[in-house]
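Just below is one structure, and these are the notes that go with it.
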Amino acid sequence: MSLKESLALLIVLASFTTSPGTSFRKAETFGEWSTPKNVGGPVNTDSNDTYAILSRDELTIYFTSDRPGGLGGDDLWFATRESVESPWGQPQNLNNVSRAPINTDTADSLAVLSSDEHVMFFHSTRTGGCGPAILTGDIWMTRRHDRRTQEWETPTRLGCDPVGPNTGATEIAPAFFENPETGEVSLYYGSNRSPLTGFDVYKSPVGEDRYVGPGELVPEFSSPGRDTRIFIRRDGLEAFITSDRTGGVGAIDIWTSTRETLSDLWSTPVDLPSPVNTTADDGSPWLSRDGTTLFFFSTRDGGYGKRDIWYTTRAKIDQENSAHAMIARLWNQTRARLTGKS
């Protein structure tokens with residue numbers, strides 16, 4: 001690189017690091033995902049254990065299981081631990097501790113928490129839905145006054161409307177996202193309301209009173225395949241999608257999409273590489289608040305049987321310090337050229 005080119009690059013890089021509010025300063029970058037680990041027992045069993053989400057402090061895990069001891073089919077369960085290094089305790093059915101029954105003798109699954117953890121959205125095929133019971137399913141919600149307890153109240157169904165959030169078709173796999181800049185809240189979910197494309201990803205606005213408005217197709221996350229459970233990173237710049245679209249390595253894979261700013265469109269999703277995705281089924285991602293731990297279900301070898309809950313980790317790269325180090329190196333090289341010293 002010539003002296004002139006070095007000086008030009010130095011000026012450009014310096015402008016990024018000294019200008020407040022630039023995306024260069026705020027951007028988060030991460031390393032590669034580690035080899036996934038099985039969460040282990042007693043969370044995983046020889047039944048289907050899947051669709052895990054964690055509380056903000058990562059001391060409570062909520063998941064779906066059809067293990068014995070439930071009310072029938074899929075139920076919502078939870079387990080706790082003393083610290084993030086401690087093993088998980090014995091899981092409990094939510095009905096055992098809630099103020100009102102959460103689970104029914106139909107399928108109750110795919111829970112997600114609001115940002116303040118006072119509201120839980122989930123999928124259910126119980127009676128009282130917008131479509132035929134059992135054959136379809138809707139998104140329901142339940143509240144609690146104290147997020148330190150599991151005293152959930154009687155669930156209520158989100159509204160029925162030809163454009164959603166619930167319709168006469170199936171609505172499944174809710175995902176909650178709060179825009180960190182505007183505070184606007186959206187509920188993402190999968191729906192097969194369009195008979196031509198199968199399950200696609202839709203988005204509905206959520207009001208301050210938790211009213212959930214009509215659904216809008218999210219074309220960047222949707223494909224001719226089945227696109228359902230997604231999760232969006234806390235800063236809104238990275239998303240994970242469960243899909244069986246063409247180009248994956250398994251029947252169901254986790255795909256990822258990114259964007260530079262919150263006002264940009266999402267990039268074309270790409271299949272997460274090995275060792276996260278395998279030729280088995282891998283899906284329903286949940287990402288930690290710091291973006292370094294991804295929980296998901298998998299039918300890969302090494303599990304307890306059927307679907308198990310697994311997790312993978314990655315390191316966060318300090319991009320700002322890396323930029324300053326790069327500038328320091330360029331400055332030293334440029335100064336050496338100016339003084340004629342090496």
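Note that these values count all heavy atoms, side chains included, but never hydrogens, waters or copies made by symmetry. Everything numeric in this text was worked out from a predicted model, so none of it was measured.
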Using 4.0 Å as the upper bound for N to carboxylate O, is an ion pair formed by Arg67 and Asp49?
yes
With sequence neighbours left out, write down each residue that passes salt bridge (Lys or Arg N to Asp or Glu O under 4.0 Å) with Arg233, or none if nothing qualifies.
Asp235, Glu238
Between Asp227 and Arg245, is there a salt bridge with N-O shorter than 4.0 Å?
yes
Can a salt bridge be assigned to the pair Arg210 and Asp116 using a cut-off of 4.0 Å between side-chain N and carboxylate O?
yes
Residues Asp282, Arg300: salt bridge by 4.0 Å N-O rule:
yes
Sidechain-backbone polar pair: Thr50 side chain, Arg307 backbone, donor-acceptor under 3.5 Å
no
In this structure, would Phe231 and Val201 fall into the same cluster of hydrophobic residues linked by side-chain contacts under 4.5 Å?
no
Which pairs pass side chain to side chain donor-acceptor pair (under 3.5 Å) with one or both residues in residues 158-168, sequence neighbours excluded?
Thr167-Glu171
Does Asp108 pair with Arg126 as a salt bridge, N-O distance under 4.0 Å?
yes
Residues Thr228, Tyr189; criterion side chain to side chain donor-acceptor pair (under 3.5 Å); working and verdict
CA-CA 7 Å; Thr228 51; Tyr189 50 92; over 6 Å; no
Which pairs pass ring-ring contact (aromatic ring centres under 6.0 Å, His included) with one or both residues in residues 242-276, sequence neighbours excluded?
Phe221-Trp266
Point-to-point distance, once rounded to the nearest 0.5 Å, from CD of Glu28 to CD1 of Ile317
11.0 Å
Can you confirm whether the side chains of Thr149 and Asp146 place a donor and an acceptor under 3.5 Å from each other?
no
